[in-house]
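Below: the structure, in structure tokens.
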Amino acid sequence: MPQKWLIKSEPSKYSIEDLKRDKKTLWHGVRNYQARNLLRDQWKVGDILLFYHSNAEPTGIFGIGKVSKIGVADPTQFDSKSDYFDPKASKETPRWFAPEVSYIEKFSQPITLDDLKNEKSLKDMAVLKKGNRLSVQPVSEDEFKIISKMAR
DNA sequence: GCCAACGTTGGC
DNA sequence: GCCAACGTTGGC
């Protein structure tokens with residue numbers, strides 16, 4: 001059974017629509033060590049990703065993707081013109097990683113943050129915990145099942 | 001745009 | 001290794 005994750009993105013930067021159009025993308029720009037450790041050490045090809053829009057109207061889960069490649073060094077860390085440039089990173093010892101993420105589906109109706117909050121069985125979900133700003137979060141099998149049901 | 005809740009940096 | 005200052009995230 002593939003592990004399930006929730007990934008956050010600001011739709012003004014990259015939305016589920018963008019992923020639908022591109023079919024796949026390098027998930028670059030993660031610059032938080034906790035999130036990096038998850039996607040570097042725990043993501044496996046085939047893992048399922050809930051695509052969450054943050055800083056949006058509305059916020060919530062907009063669709064599903066999957067991990068299609070792992071172990072790729074994030075190219076933006078080497079690009080001095082990029083916002084994500086990291087002068088301390090080198091090609092020999094990359095510091096940041098960018099798995100390839102592929103499109104699966106866009107929900108016909110998003111599951112909004114309010115929907116998630118109103119679903120009592122999801123009260124322990126990481127994304128609902130106060131102050132949880134992590135852009136990559138594990139999702140339990142039960143949580144995924146409930147969300148899949150809500151998406152129909 | 002505000003601001004709470006973090007995470008990171010850097011002086012000591 | 002502490003911790004103040006600063007930067008970022010993300011809901012509202």
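- Both A/K130 and A/Y33 lie near DNA chain B, and the one whose nearest nucleotide falls closer to the 5' end is A/K130.
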Show the atom names and distances, to 0.1 Å, of all donor-acceptor pairs under 3.5 Å that link a side chain in residues 51-67 of chain A to residues at least two apart or in another chain.
residue: A/H53; atom: NE2; partner: A/I16; partner atom: N; Å: 3.1
residue: A/N55; atom: ND2; partner: A/E10; partner atom: OE2; Å: 3.1

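- For the residue pair A/T112 and A/D115, a side-chain donor N or O sits within less than 3.5 Å of a side-chain acceptor on the partner.
- Residue pairs meeting the salt bridge (charged side-chain N to carboxylate O under 4.0 Å, His left out) criterion with at least one member in residues 120-138 of chain A, sequence neighbours excluded, are A/D124-A/K129.
- Between A/H28 and A/Y84, the ring planes are perpendicular. Angles over 60° get that label, and only those under 30° would be called parallel.
- By the 4.0 Å N-to-carboxylate-O rule, A/D41 lies too far from A/R36 to be salt-bridged with it.
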Restricting to nitrogen or oxygen on both sides, can you table the protein-nucleotides 8-12 of chain C pairs closer than 3.5 Å?
residue: C/dT8; atom: O2; partner: A/R133; partner atom: NH1; Å: 2.6
residue: C/dT9; atom: O3'; partner: A/R133; partner atom: O; Å: 3.3
residue: C/dG10; atom: OP1; partner: A/K8; partner atom: NZ; Å: 2.8
residue: C/dG10; atom: OP1; partner: A/R133; partner atom: O; Å: 2.6
residue: C/dG10; atom: N7; partner: A/N55; partner atom: ND2; Å: 3.4
residue: C/dG11; atom: OP1; partner: A/Y52; partner atom: OH; Å: 2.7
residue: C/dG11; atom: OP2; partner: A/N55; partner atom: N; Å: 3.2
residue: C/dG11; atom: N7; partner: A/N55; partner atom: OD1; Å: 3.1
residue: C/dC12; atom: OP1; partner: A/K117; partner atom: NZ; Å: 2.7

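- Taking atom CZ on A/R95 and atom P on B/dG7, their separation rounds to 17 Å, with Å as the unit.
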